[in-house]
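Counting starts at 1 for both ligands and their atoms, following the listed order. Being a predicted model, the structure only gives us computed values, none of them experimental.
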Amino acid sequence: MSKIITTRFAPSPTGFMHIGNLRTALYSYLISKSQGGKFILRIEDTDQVRLVEGATDVILNTLKMTGIDYDEGPVVGGENGPYVQSERLPIYRQYAEKLIESGHAYYCFCTPERLESLKDDKGIGGYDGHCRNLSAEEASNNLKEGKPYVIRQKMPDEGTTSYVDVVYGKVEIDNSELRDQIMIKADGYPTYNFCHVVDDYLMGVTHVVRGNEYLTSTPKYCLLYDAFGWERPTYVHLPLLMGKDEEGKVSKLSKRHGAVSFQDLVNDGYLPEAIVNYIALLGWCPKDSNQEIFSMDELKADFSIDGLSKAPAVFDYDKLKWFNSEYIKKLSDEEYEKKALPILNELCEDYINTRKLASLLHTRIAYFGEIESFIGFVTSRLDMDSNLYINKKNKTNPENCKEVLVDILPILENVENWDNNTLFDVLKDYASSREKKAGAVMWAVRIAVGRQAVTPGGATELMEVFGKTESVLRIKQAIDELV
Ligand code: GLU
């Protein structure tokens, strides 16, 4: 019977959720789900020094918001728990002792001073295997005396170890290059190098999906599988996410390129669905199609390992904006207003019709954080440039616009139903009664009210946004300015 495809995401709770980590989680999830498999969340918190309070909640919350749901893990539980490594310490000790018994690991009693003395001027230098051949008796005496110790993995001296990574192909290393790495530290905690292997095995992980920083250390993990006599998993290492700086230089995606945490992007007004969609395509592409917009269900159906690329993917903020604007357009009015209105209500005076303004921006913004930059002309009366009245197509200029404004002001002051449709009819009727082009009238009013060249919405929509009092005031001010 073939094993059910099982993948996991195994983050260390050491801070915010980097977008590269989120992509790893997503790919791991999709590799499993595209084949009807199981997905596990495991919290790797054995490096107690690097732990950051609240980081596990950030991980749980990010997965929830992005719809990456796990079949087993903290909170939901499962048959292979616990899923937090610090709650599994006895398991690691038990398996480390097994390797000592089988001769693949040993107690090391070297003092920190001795290890320090092995390093060169630059602080580089590995362990020299000093305790490798201690007799069982010596080791047990040391233990009885209560000497501090670590447990180390005994690496083969010769030969090579290799494995075939799904993305990168064959990776091979000379065993002579491998140091006897620590499995259990002096404080009793296991190292990542050891405990993730035990966990992946015990949790039935068939495909280890993670960042490529582990590509070259994986032979050491393969040796652990071999030492236990366990079947090795399939390895899928993912290329780094890169960012491009202003000069076009590409380097590992970091804060200097822009927001790099999921939460920061959400705070800027990016939608989780859009972020997920975009990062799904950063290193994977669908076979035989140019489809770009994918729902999570579509990704679950279409994702496949053979669409993965080993070329480093560059995170392009403009492309993310494009995805996000597509997702914003797809929001229902209600969903959209829920996000846009609090921002607009905070920024605008009470007389502004923020619902109307929101609807004018719906198809125009790429992310919600951008709203403020769109509405400077609403939140203040911008300096007027009379050249804005010049429009070739409508044959307008400051002089004829002033005439229109003076003429139409009393008409507008008499309008009772101050809404777009009524105002539109008023302006059109006025234009035809004076034998003017409607476009010319609209132009004059839009510039007078909006006070900038390009505005979201035309003259009558803007007047509805501003309300009657402010619109009339703006037109009066515009007339005064037009000498
Ligand atoms: N805890 C490791 C990390 O966050 C996990 C690596 C792995 O997936 O094996 O980098």
When you look for heavy atoms under 4.0 Å from ligand 1, do you find them on the side chain of Tyr192, its backbone, both, or neither? side chain
Just say parallel, tilted or perpendicular for the rings of Tyr336 and Phe368, cut-offs at 30° and 60°. tilted
So, regarding Val208 and ligand 1 (criterion: nitrogen or oxygen to nitrogen or oxygen, under 3.5 Å), is there a contact or not? no
Within a 6.0 Å radius of atom CD on Glu158, are there more than 12 heavy atoms belonging to other residues, nucleotides or ligands? no
Atom indices of ligand 1, in the order listed, that fall short of 4.0 Å to a heavy atom of Glu44: 1 (N), 2 (C), 5 (C)
Between the side chains of Asp316 and Lys321, is the shortest nitrogen-to-carboxylate-oxygen separation below 4.0 Å, so that they form an ion pair? no
State plainly whether the residues Lys310 and Asp165 are in salt-bridge range, i.e. N to O under 4.0 Å. no
Under 4.0 Å from a heavy atom of Ser12: give me the atoms of ligand 1 that qualify, with their elements. 1 (N), 2 (C), 3 (C), 4 (O)
For atom 10 (O) of ligand 1, state which one of Phe9, Tyr235, Tyr214 supplies the nearest heavy atom. Tyr214
Using a 4.0 Å heavy-atom threshold (strictly under), name the region of Arg8 that reaches ligand 1: side chain, backbone, both or neither. side chain
Hey, what's the ring geometry for Tyr192 with His196, parallel, tilted or perpendicular (30° and 60° as the breaks)? parallel
In the protein, which heavy atom is nearest to atom 5 (C) of ligand 1, and how far is it? Ala10 O, 3.0 Å
Under the 6.0 Å and 45° cation-pi test, does Arg93 pair with Tyr95? no
